[in-house]
Visitor: 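Here it is, the structure in full.
We count residues from 1, following the sequence as given. Reckoned from all heavy atoms, side chains included, excluding hydrogens, waters and symmetry mates.
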Amino acid sequence: MENMDTTTMNTDDTVIVTLRRCGHYLHHSAGKDSGKTNAELLAALNDDEKKTLAELLGKCLKSWKE
């Protein structure tokens with residue numbers, strides 16, 4: 001999955017592949033023993049982007065539980 005070219009995928013596939021890549025990274029490379037802080041992991045985002053991301057991910061989680 002790491003080498004998949006998302007530029008040729010449809011939007012839905014791109015979103016899911018990107019979410020999976022993020023989850024994989026967080027699970028395998030950024031766990032509690034990694035020494036990485038939340039601030040370091042989210043350094044690429046500004047506060048508004050972090051808020052939007054949290055809201056969108058929360059919306060997905062809520063819909064998946066229904």
Side-chain angles (χ1 to χ4, degrees):
M1 181 176 353
E2 289 297 320
N3 296 325
M4 291 182 109
D5 179 10
T6 57
T7 60
T8 60
M9 293 180 188
N10 68 46
T11 303
D12 288 352
D13 290 345
T14 299
V15 171
I16 295 300
V17 167
T18 304
L19 279 171
R20 287 183 175 156
R21 285 179 177 170
C22 288
H24 181 85
Y25 179 81
L26 290 172
H27 181 71
H28 292 285
S29 303
K32 63 181 176 179
D33 296 331
S34 73
K36 296 182 184 185
T37 66
N38 291 344
E40 291 171 321
L41 292 169
L42 298 172
L45 304 175
N46 65 40
D47 287 341
D48 287 337
E49 291 168 330
K50 292 174 195 176
K51 182 179 177 183
T52 299
L53 179 59
E55 289 170 356
L56 293 171
L57 291 172
K59 188 175 182 178
C60 286
L61 287 170
K62 183 180 177 189
S63 75
W64 296 336
K65 290 181 180 180
E66 294 175 354

Visitor: side-chain contact (heavy atoms from CB on, under 4.5 Å) for Leu26 and Leu41? Distances and angles first, verdict last.
Guide: CA-CA 9 Å; Leu26 290 172; Leu41 292 169; 4.1 Å; yes

Visitor: Where is the tightest heavy-atom contact between Ala30 and Lys36, given as atom of each residue plus distance?
Guide: CB-CD, 4.3 Å

Visitor: What distance do Leu57 atom CG and Leu19 atom CG have between them, rounded to the nearest 0.5 Å?
Guide: 6.5 Å

Visitor: If I compare all heavy atoms of Ser29 with all of Ser34, which pair ends up nearest, and what's the gap?
Guide: O-CB, 3.5 Å

Visitor: Which heavy atom in Thr6 sits nearest to a heavy atom in Thr14, and how many Å separate them?
Guide: O-OG1, 3.3 Å

Visitor: For Asn38, look at atom CG and say whether over 12 heavy atoms of other residues, nucleotides or ligands are found less than 6.0 Å away.
Guide: no

Visitor: Taking a hydrophobic cluster as the set of Ile, Leu, Val, Met, Phe, Trp and Tyr residues connected by side-chain heavy atoms closer than 4.5 Å, whether directly or through intermediates, do Leu56 and Val15 fall within one such cluster?
Guide: no

Visitor: Specify the closest pair of heavy atoms between Asn10 and Asp12, including all atoms of both residues, with the distance to one decimal.
Guide: OD1-N, 3.1 Å

Visitor: Can you list every pair that meets salt bridge (Lys or Arg N to Asp or Glu O under 4.0 Å) and has a residue in residues 49-61, with sequence neighbours left out?
Guide: Asp47-Lys50

Visitor: Is it the case that atom NE2 in His27 sees more than 12 heavy atoms from other parts of the structure closer than 6.0 Å?
Guide: no

Visitor: For the atom pair CE (Met9) and CD1 (Ile16), what is the distance rounded to the nearest 0.5 Å?
Guide: 11.0 Å

Visitor: Where do Asn46 and Asp48 come nearest, in terms of heavy atoms and distance?
Guide: OD1-N, 2.9 Å

